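The structure appears below as structure tokens.
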Amino acid sequence: MSLAQADPAAAGARPAVTADAVLDAALTLFAERGYHGTAVSQIAASLGIRTPSLYNHMRSKQDLLEAVIGRTVDAVLDDFRTAVDGLSDPVERLRRAVRAYALRHATHRREALVANRDTASLPEPARTRVRQRERDHERAVRAIISDGVGTGDFHVGSPALASFAILEMCLSIARWFRDDGARTAGQVADEYEDFALRIAGFVPDRPAPAGRAQRGPADPNH
């Protein structure tokens, strides 16, 4: 939802405000203005209702932030697990994991911007939970790279540094990607897969281990 669409004068033509609509409006404003730069009255105005009415659908602005970021970090881990499920080859695991993460930052830009900027504003214990989920994701990516070093597919001195570099690279997509840009989300994800393999020190000429998963009809994105 854009702010240009939020015209209080058109409130009579609007569907009834729901908790999901409030969360979406808050997400848009948090992404545009930051959590601390957004007032509850602005969320209400974007929905065409008065501020007291907003509290029929939410408890506090902080609860909205917690919902946005909590759902975002959970979705990142769900994406990761779905991407690598059933794969044993570290090269394909890293490809799929990075593709999923890059796509999320291109297709869920608002959520990514808020999570990356405003997690520090969460209350405890929510902030600790989110940080732990982020660490879980980073360690899972690091483990893939470590596995690849063990098989001889990756040549990198520090899998931890490589995983940080790869994830930070993907985080930046939310800041610059545009739906009407020169590349689609899928094309960006394709390139970021290759970037990630280079960071991990992939050796493309090494004979593939027996059983390496190959791209085929089951992977519609390639």
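Keep in mind that the numbers below use all heavy atoms, side chains included, and drop hydrogens, waters and symmetry copies. Note that the coordinates shown come from a computational prediction; the quantities given were computed from them, not determined experimentally.
Looking only at side-chain heavy atoms (C-beta outward), Arg96 and Arg99 stay at 4.5 Å or farther from each other. The shortest distance between side-chain heavy atoms of Glu111 and Leu27 falls below 4.5 Å. Inter-residue side-chain proximity for Val141 and Leu94 is flagged as met; some heavy-atom pair is nearer than 4.5 Å. Inter-residue side-chain proximity for Ile69 and Arg133 is flagged as unmet; no heavy-atom pair is nearer than 4.5 Å. Two residues are said to be in side-chain contact when any heavy atoms from C-beta on lie closer than 4.5 Å; Tyr55 and Val40 meet this criterion. You'll find the side chain of Val114 stays beyond 4.5 Å of the side chain of Tyr35, heavy atoms only. Side-chain contact between Arg104 and Val76 is present, with at least one heavy-atom pair separated by less than 4.5 Å.
With hydrogens and angles disregarded, a donor-acceptor distance shorter than 3.5 Å links the side chain of Lys61 to the backbone of Thr38. Of the possible donor and acceptor atoms, one in the side chain of Arg109 sits under 3.5 Å from a partner among the backbone N and O of Ala174. Side chain of Asp85 to backbone of Arg81: no donor-acceptor contact under 3.5 angstrom is found.
Between Ala115 and Thr72, the shortest heavy-atom contact is CB-CG2, 4.1 Å. For Tyr101 against Leu171, the heavy-atom pair with the smallest separation is OH-CD2, 3.2 Å. Listed here is the closest heavy atom pair of Val149 and Pro159: CG2-CG, 4.4 Å. Shortest non-hydrogen contact noted between Gln187 and Ala182 is OE1-O, 4.1 Å.
Every residue meeting the ring-ring contact (aromatic ring centres under 6.0 Å, His included) condition with Phe195, not counting sequence neighbours, appears here in chain and number order: Tyr192.
Side chains of Thr151 and Asp153: a donor on one and an acceptor on the other come within 3.5 Å. For Glu124 and Thr128, the side-chain atoms include at least one donor-acceptor pair closer than 3.5 Å. For the residue pair Thr28/Arg110, the side-chain donor-acceptor check at 3.5 Å is satisfied. Using modelled atom types and a 3.5 Å distance limit, the side chains of Ser121 and His36 yield a donor-acceptor pair.
One distance of note links CG of Leu47 with OG1 of Thr18; it measures 8.5 Å at 0.5 Å rounding. How far CG of Leu122 is from CD of Gln62: 7.5 Å, rounded to the nearest 0.5 Å.
Shown here is Arg183, whose CZ atom has no more than 12 heavy atoms of other residues, nucleotides or ligands within 6.0 Å. When the shell of 6.0 Å around CG of Asn56 is examined, it contains more than 12 heavy atoms from other residues, nucleotides or ligands.
Within the structure, side chain to side chain donor-acceptor pair (under 3.5 Å) contacts touching residues 135-147 (residues at least two apart or in different chains) are Arg93-Asp147, Gln132-Arg135, Gln132-Asp136, Glu138-Arg142, Glu138-Ser163.
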